[in-house]
Amino acid sequence: MNQPIQIYNTLSRTKEKFQPINPPFVGMYVCGPTVYGEPHLGHARPAITFDLIFRYLKYAGYKVRYVRNITDVGHLENDADEGEDKIEKKARLEKLEPMEVAQFYTNSYHEAMRLLNVLPPSIEPKASGHIIEQMDIVKKILDAGFAYISNGSVYFNVKKYSETHQYGKLSGRVLDDLLANTRELDGQDEKQNPYDFALWKKASPEHIMRWKSPWSDGFPGWHLECSAMSAKYLGEHFDIHGGGMDLMFPHHESEIAQSVAANRVEPCNYWVHNNMITINGQKMGKSLNNFINLAEFFSGKHPLLTQAYSPMTIRFFILQAHYRGTLDFSNEALQAAEKAYKRLLTAYNILLKIVPAQQTDAELAQFIPAFAAKCHEAMNDDFNSPILIANLFETTRWINGLNENKFSINKTDLDAFTHTFHTFMFDILGLTNETAADTTLTTEGLMDLILSIRQQAKTNKDFATSDKIRDELKKLNITIKDTKDGATWNME
RNA sequence: GGUACUAUGGCCGAGUGGCUAGGCAGAGGUCUGCAAAACCUCCUACAGCGGUUCGAAUCCGCUUGGUACCUCCA
C-alpha cells in the first residue's frame, strides 16, 4: 500500500508490480513441512523467506492472512520398494500412532521456528483435518470431466485438461516431452497416462491412515491438500502462493490444474519460489551423510560442524543471500555470518547509548533519510535482503564515528536513525538482539564493579591482576575492550 | 536426455550496458602496558569461446560445470 513492491512471479519469469486482488487484504499460502522427521535446513529456508515477505507486507500496510499447512497424511516413501507412507513407516518403527509421530515432529518444527524467530502463520491447517474438503474437490473435478475412476482410485486426466489448458506453464514443461521422458514403471496400469496423477488413492490393506469415500477406503492423493486448504481459507483465487523450487513440478503445476478444473479459476496471481540449499556444494541428503538438522546446528553436535551456530546466525546467513539464489552452507561461511551479525548488533547497541547533541552534522543529516530510502528500495525490489543488510552495514561507520565523537547528532535525527535501524533489522529481517537479551541490570552493576577494580589495578600497574580479570571474564564469554574513555564489555 | 535455476575476487554473496556492492579472511597504519575492539588505507573479480555495441561481467548464441525437478508421495 505505502510501498511500490516488485515481486518475481514464477509464472511470468519476471518481476511484477505487486497488486493485491482486494487491498488492503493479502492472502498468502505457503507449502509447509511433512512432519515425519526432525526439522532441518530445508525447512528453515522457505520458512524464513516467507517470514520475511510476511513481515514486509505487513509493514507496508497490508492485512495479510498467511496460511502454512502441516502435511500429516499420505506421504509415500521416496525410495522404498513398496510405496509406504513416511509417517506410517516411522510409526511402525517407533511403535507409535501415526498421529503421535506427526504431533511429535510438528512440535519439533514449531520449536525450531520459534528459535529462528519465524512468526507463526495466521492459520496452520493440517491435511488430516481437511479430508472432506479434499473429497469435495475430487467430486468437482470428476463432475467437470477432468478425472476418471480406476480400481477405487481417482486420477486427474492431464491429457484431457491440456486440450483446453496449458499443463506445464508454471514449470516450463511440455506435455509431449513429459510423455517421451517418462519411464514405464510397473503397477501403473490404473492410469491412462503416466503423467496423470492421483486425486484419491485406494488404501492397501496394511495402510493404516485411511478414510471412507465414495470411491474406496483410502486417502487423498498428491497435491490436493494445498488446493483444498488454500481455497477454504483464502478463497478460490488469492494473491500469493509460495514454496520451495523443488515443489514447482509436479506439485504446484498440478495444484493449478486441479484448481482450474474444479473452480474454473487460477488459484493465485503470484507464484513465489525460494531456491535450494547445498552443504559444501552438495545437496543435502540422508544418503550423502551431510544431513544436518536444525537442533544439530544449534548445538554444534554433528561431524561436519566445527562449532555451534545460534539460530540468529542461521537466520542472518539465510537472509544474507537472496531467496531466489542457491545457498551453500559451510563452516567458513557460517562463521563469517556470525561475525558479521555480531558486528551489526554491536553497532546497534552502541547507537542506543549515543547521547544526542544540539546539532547534526550536515553529511549525517543527509545520510539518515537516504539510508531509510535505500532500505525500502531494497525490500521493494523483490525482497532483496542482502542489499538491505549491506545498507545496514553502511551505518556502522557513522555509528562508530558518533561513538568516538567524530560526529554529532541531535535528538530528532538520532531517534529517526535508531527507528529506521530497528525497523529493518528487527521488525523486518526478524533478527533479535541476542546480546542485549542476556544483559540484566544486575549484570550491569556487577560488571561496573569488576571493571572499576580492574581499573584500580591498572592504575597501580598491577597488570597481572588486570589481565587475570580480563582473561577469566573471557572464559565466561565476556569480552573487555579498553578504550580511551575506560573499559567496556560485552557478552557473547 | 528434458525443464528450470545457477556459474562473480582467498571464502560467502549483491548488482547494473560505460560509474562503489556488502560481509569474512589477509596486508599496512592509528590507538594501546599487552591484547581485543574501533577507525583509516590496500587487495578490484565477474567459467570458456564467439557475436551485437563506440563500449559488456551486465544483451545474444554456443560450450563446460553445479543444483533441483522430471516414477509412486506432500
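To find a chain, count down the sequence lines: A is the first, B the second, and so on, and within it residues start at 1.
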Distance, [atom1] atom - from [M] to [N], rounded to whole angstrom:
N: rG33(B); M: rG23(B); atom1: C1'; result: 33 Å
N: rG66(B); M: rG28(B); atom1: P; result: 39 Å
N: rC46(B); M: rC11(B); atom1: C1'; result: 15 Å
N: rA47(B); M: rA36(B); atom1: C1'; result: 41 Å
N: rC24(B); M: rC43(B); atom1: C1'; result: 14 Å
N: rA35(B); M: rG26(B); atom1: P; result: 16 Å
N: rC60(B); M: rG17(B); atom1: P; result: 12 Å
N: rA45(B); M: rC19(B); atom1: P; result: 13 Å

Name all residues meeting the salt bridge (Lys or Arg N to Asp or Glu O under 4.0 Å) criterion together with [X]; count only those two or more places apart in sequence or in a different chain, and write none if there are none.
X: Glu38(A); answer: none
X: Asp136(A); answer: Lys139(A)
X: Asp328(A); answer: none

| query | Counting only N and O atoms by type, is there a donor-acceptor contact under 3.5 Å from the side chain of Lys15(A) to the main-chain atoms of Tyr8(A)? | reply | no
Considering every strand and a 4.0 Å limit on heavy-atom distances, what is the contact class for [X]: base, sugar-phosphate, or nothing?
X: Phe463(A); value: base
X: Ala198(A); value: sugar-phosphate
X: Thr10(A); value: nothing
X: Asp196(A); value: sugar-phosphate
X: Gly221(A); value: sugar-phosphate

Round to the nearest Å and state the distance from [X] atom [atom1] to [N] atom [atom2].
X: Lys339(A); N: rG22(B); atom1: NZ; atom2: C1'; result: 17 Å
X: Leu170(A); N: rC70(B); atom1: CG; atom2: P; result: 14 Å
X: Glu338(A); N: rG23(B); atom1: CD; atom2: P; result: 17 Å
X: His252(A); N: rU3(B); atom1: NE2; atom2: C1'; result: 16 Å
X: Phe424(A); N: rG22(B); atom1: CZ; atom2: C1'; result: 17 Å
X: His223(A); N: rC72(B); atom1: NE2; atom2: C1'; result: 11 Å
X: Met248(A); N: rU67(B); atom1: CE; atom2: C1'; result: 13 Å

| Tell me, for nucleotides 34-44 of chain B in 5' to 3' order, what letter each nucleotide earns: B for a base near a protein heavy atom under 4.0 Å, S for only sugar-phosphate near one, - for neither? | BBBSSSS----
| query | When every nucleotide of nucleotides 6-21 of chain B is labelled 5' to 3' by its protein contacts under 4.0 Å (heavy atoms), B for base, S for sugar-phosphate only, - for none, what sequence of letters results? | reply | -----SSSSS-----B
| message | Suppose we call two aromatic rings close when their centres sit under 6.0 Å apart. Are His223(A) and Phe156(A) close by that rule? | response | no
| said: For His273(A) together with His252(A), are the ring centres under 6.0 Å from each other? | reply: yes
| query | Pick the nucleotide of RNA chain B nearest each of Asp246(A) and Phe197(A); which residue has the one closer to the 5' end? | reply | Asp246(A)
| How do Thr278(A) and Leu224(A) order along RNA chain B: which one's closest nucleotide is nearer the 5' end? | Thr278(A)
| message | Going by side-chain hydrogen bond (donor to acceptor under 3.5 Å, both in side chains), name the residues that satisfy it together with Tyr155(A), two or more places apart in sequence or in a different chain. | response | Glu190(A)
| Partner set under side-chain hydrogen bond (donor to acceptor under 3.5 Å, both in side chains) for Asp382(A), not counting sequence neighbours | Tyr323(A), Arg324(A)
| said: If we count only N and O atoms by modelled type, under 3.5 Å, do the side chains of Tyr167(A) and Ser254(A) hold a donor and an acceptor together? | reply: yes
| task | Report yes or no: do Asn69(A) and Tyr29(A) form a side-chain donor-acceptor pair below 3.5 Å? | result | yes
| message | Any N or O donor-acceptor pair under 3.5 Å from the base of rC69(B) to the side chain of Arg173(A)? | response | yes
Counterpart residues, ring pair (Phe, Tyr, Trp, His ring centres under 6.0 Å), relative to [X] (two or more places apart):
X: Tyr66(A); answer: Phe54(A)
X: Trp215(A); answer: Trp200(A)
X: Phe316(A); answer: Tyr341(A)

| query | How would RNA chain B look in dot-bracket form, 5' to 3', counting Watson-Crick and G-U wobble pairs with both distances under 3.5 Å and writing | for bases paired to another strand? | reply | (((((((..(((.....[...))).(((((.......)))))....(((((..]....))))))))))))....
| Are any of Lys342(A)'s side-chain N or O atoms less than 4.0 Å away from OP1 or OP2 of rG23(B)? | no
| request: Would you check if Phe249(A) stacks with the base of rA4(B), given a 5.5 Å centroid limit and a 30° plane limit, both strict? | output: no
| said: If the condition is side-chain contact (heavy atoms from CB on, under 4.5 Å), which residues does Ser171(A) pass it with, not counting sequence neighbours? | reply: Arg173(A), Met248(A), Phe249(A), Glu253(A)
